[in-house]
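So the structure is just underneath, and the comments pick up after that.
Numbered from 1 within each chain, the chains take letters A, B, ... in sequence-line order.
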Amino acid sequence: MNSQSNGSQDLFAGNDMTDYLAELNDRQSQAVLHSDGPLLIIAGAGSGKTRVLTYRIAQLLAAKKSWASEILALTFTNKAAREMRERIEHIIGPEANKLWMGTFHSIFTRILRMEAEHVGYKQDFSIYDSDDSDRVVKGVLQELRIDPREIKPKQIRFRISGAKNQMISAEEYAAKFVQSSLDDIAAQVFKIYNNRLKQSNAMDFDDLLIKPIELFETHPEILEKYQDRFKYIMIDEYQDTNRAQYIVTKMLASKRENICVVGDDAQSIYSFRGADISNILNFKEDYSNATQISLEQNYRSTQAILKCADAIIKQNKQQLEKTLWTENPKGNPITLLDNFNEREEAQRVAQHIRNVRMKEGYRFNEIAILYRTNYQSRVFEEALRRKDVPYQLVGGISFYQRKEVKDVIAYLRLLVNPTDEEAILRVINEPARGVGQKSLQTLVSLARQNDTTLWEVLQNPVMLTDVYKPAQARVREFISILDECRQELGGKSLVDTTRDILDKTGYVKQFIEENSQESLGRRENVMELLNAISYFERSRENASLSAFLQEVSLVSDVDNMEKDTPAVTLMTVHASKGLEFPVVFVVGMEEELFPMGGRNGEEADI
DNA sequence: ATGCACGCCCTTTTT
DNA sequence: GGGCGTGCAT
C-alpha cells in the first residue's frame, strides 16, 4: 500500500505544521493553505482528499483563524467523520472533539434538538428510518382504503422522499406534480403522513435536512446565530448533496462565504436519493470569487486500473475536466472471468481467493468481493463457506434493522417519546399479549376521531370502553410497564432499564420458550443489543437514552466493519467507496445489473 | 377475536 | 432470509 493511502501508519508524528506540509504535493498544500473565501476542491478517486481536509482544518487552527468549535465539517458517512476526527486528534489533541464534525443528518439533528420548539417539536423527537416511514405510509394507505398490495408503500415513500429532498411541500406536490393516479395517491398520503409524524413527535431522514431550513427561514435571528458560530464550513462528497443540503449549507455560509467543498462529479453515486450533481458543477457560479483546485494525482491504484476507469468516465457527457494520473507501477492487468452463471462465478472467485493467498501471500483481509446489490452476496457466502474461506459481510440487513432489535428499540423509544405512534404499533402486541388487529384498529380510529395521539387514547379509560374487554386489561398492563420503566430512567442505568423492560414484557422469554434455531438467534441479537447499550453507557460522558437512540438511528453497517479481522470482505460497491484493498473482485457484471438498468434506466443514470 | 403455521413475495445503492 | 398475508384452530 502506498504511503498516502488510508493505511494505518501514523502520518502525524510531528506537531509542527511544516512537517506535514512536506508530505503534500503542490496542489494539496495549496488547498490546505487556502483559508478565506469559497474553495472548490475537485478530488479524483484516491487523490488524498481526506488528508487534505484534515490538514486544512489543522492549518486553520494552527494559524489561529478560528477555534475548533467554530468549524463545521459535514460528511455523508459516520465512518468518514470518525476517520477525520481521529486524524485531526492526532495533530491537535482532544481539542478535536469540539469540532462540529459529522454527517449532515447527525449535525442537523443536533441543531434541531436544541431548537426543536421553534419548529413545533419537542426536544426528544424520534427519528423514523425508512422502514418506519414505510409502515406509516402503509397505515395511511389502509385508512384511505387503498390496498397496500396494489400500491406499494415504498413507491409512495420514494415520491414523498423525493419531493422532500427537492424542497417540495405536500401542498405544492398536490398542486403541481400530479401526473398519474399514483402521484395523486402520493399527494394524499403525503399530507397525512406529515401530520402523523408531527403528531408522533417524529421526523424522518428527510425532515432532518428540511426542518433546519424551515427553522432558518422563519427565524432569521437563529440563522444568524449559527452563521456567526460557524466561521469555516467544509463539505465532503459535495457531488452527493441534494437540494436541501445545498440550500441549508448555502444559508449557513452566506455571511462569510468561508465555504470549502470537496468532491468529484465522477464519483456521484447517490442520485437515486436526490443527490444533485449540478450543485458541484455550479459551485463557481454560486460563488463568483471561488478558487478551484483539482487533485489529480492518484495514490491508490495502479496505472492499469486508472486507465480502465478513465476510459469509462471519459464518456460522461457532463463533467468537470480532469485527468487522473499516478506514479504507481503499471500493475497487473485486470482479469476478466467469463462464467456461465452466478454459481460458477462464485465458485471460481472462491478458488481464485485461495490461489492468490497461497501463491502470492495475500491475507484474507486484503481481499474484497464487491457486488451491486446485497442479495448477490448469498451465493458467494455459500461458495466461500464450502472452501473454508472466512468472510465478513458488510451491509445487507444491518443489525439495527432486525425485527427483534427494532422491537426493543421501539420500547426504548416509547420511554423517551410516548407519542411515537409507530413504536406503539410495533410493540403493543409484541410479544403477543392479546391486543390483536381488531382492537388496534379501534384504538387507532379513536385517536383519529378525537384528533389526538394513540398514546392519549391508551391512557384514557373512558376512551377504551369501546374496545374488546380482555384487550383493555392488556393495554393497561402495557402502559404501566412503560410508565414504570420510564420512572427508572434517571436512577437506574440504561442496560438495567432495558433489562427490566425485557423482563416485565416477557420479550426474551418468548424466545426461550420457542427454543428454535431462529429464536435462539433472535435472543442472541437482543443480548448483543444489551451489550451495545452497556458499551455506549460506559464510553460516554452524558449517555442519555435519547442520545443512544439517536446514534443507532443514524449509524450504518459500514461503520462497524472490522479492518483487521482475517476475513474476506463482502459488500456493495457503494459501501466500498473510499476504501482500499490490494485484491478486488467485482462480481455480477451483467447487463441490466451492473450498471443497473431496466425500464426506467435513463442514459444519465448509466 | 386472536394466534399460529404455512406459503407467498421481494430483494439497488444509504442517512 | 426476511417480512407479510392468508386460512385455519383455539
With a non-hydrogen cut-off below 4.0 angstrom, is A:D206 in contact with a base, only sugar-phosphate, or nothing?
nothing
Between A:R433 and A:T572, whichever has its closest DNA chain B nucleotide further toward 5' is A:R433
The salt bridge (charged side-chain N to carboxylate O under 4.0 Å, His left out) partners of A:K504 (sequence neighbours excluded) come to A:E484, A:E488
Go through the side-chain N and O atoms of A:D129 and A:S553 and say whether any donor and acceptor fall under 3.5 Å apart.
no
How many Å lie between CG on A:L141 and P on C:dC4, as a whole number?
14 Å
So what does A:R474 hit on the nucleic acid, given a heavy-atom distance under 4.0 Å: a base, only sugar-phosphate, or nothing?
nothing
Please name all residues satisfying salt bridge (charged side-chain N to carboxylate O under 4.0 Å, His left out) with A:R196, sequence neighbours left out, ordered by chain then number.
A:E143
For A:Y193, which residues count as a ring pair (Phe, Tyr, Trp, His ring centres under 6.0 Å) partner, sequence neighbours excluded?
none
Would A:D132 and A:R413 pass as an ion pair if we require N to O under 4.0 Å?
yes
Check whether any side-chain N or O of A:K406 sits under 4.0 Å from OP1 or OP2 of C:dG3, and answer yes or no.
no
Rounding to a whole Å, what distance do you find between A:H105:NE2 and B:dT15:C1'?
4 Å
Check the interface with nucleotides 6-8 of chain C: list each N/O to N/O pair with the protein under 3.5 Å, or write none.
{"unit_1": "C:dT6", "atom_1": "OP1", "unit_2": "A:R149", "atom_2": "NH1", "d": "2.5"}

Does A:K211 have any salt bridge (charged side-chain N to carboxylate O under 4.0 Å, His left out) partners at least two apart in sequence or in another chain, and if so, which?
A:E214
According to a strict under-4.0 Å criterion, is A:N374 in side-chain N/O contact with OP1 or OP2 of C:dG1?
no
For A:F76, which contact category applies under a 4.0 Å heavy-atom criterion: base, sugar-phosphate, or nothing?
sugar-phosphate
Side-chain N,O (A:R402) to OP1/OP2 (C:dG2) below 4.0 Å
yes
Mind checking salt bridge (charged side-chain N to carboxylate O under 4.0 Å, His left out) for A:E342 and listing every partner two or more places apart, or none if nothing turns up?
none
For atom NZ of A:K577 and atom P of B:dT15, their distance in whole Å:
12 Å
Given B:dT2, is OP1 or OP2 found less than 4.0 Å from the side-chain N or O atoms of A:S439?
yes
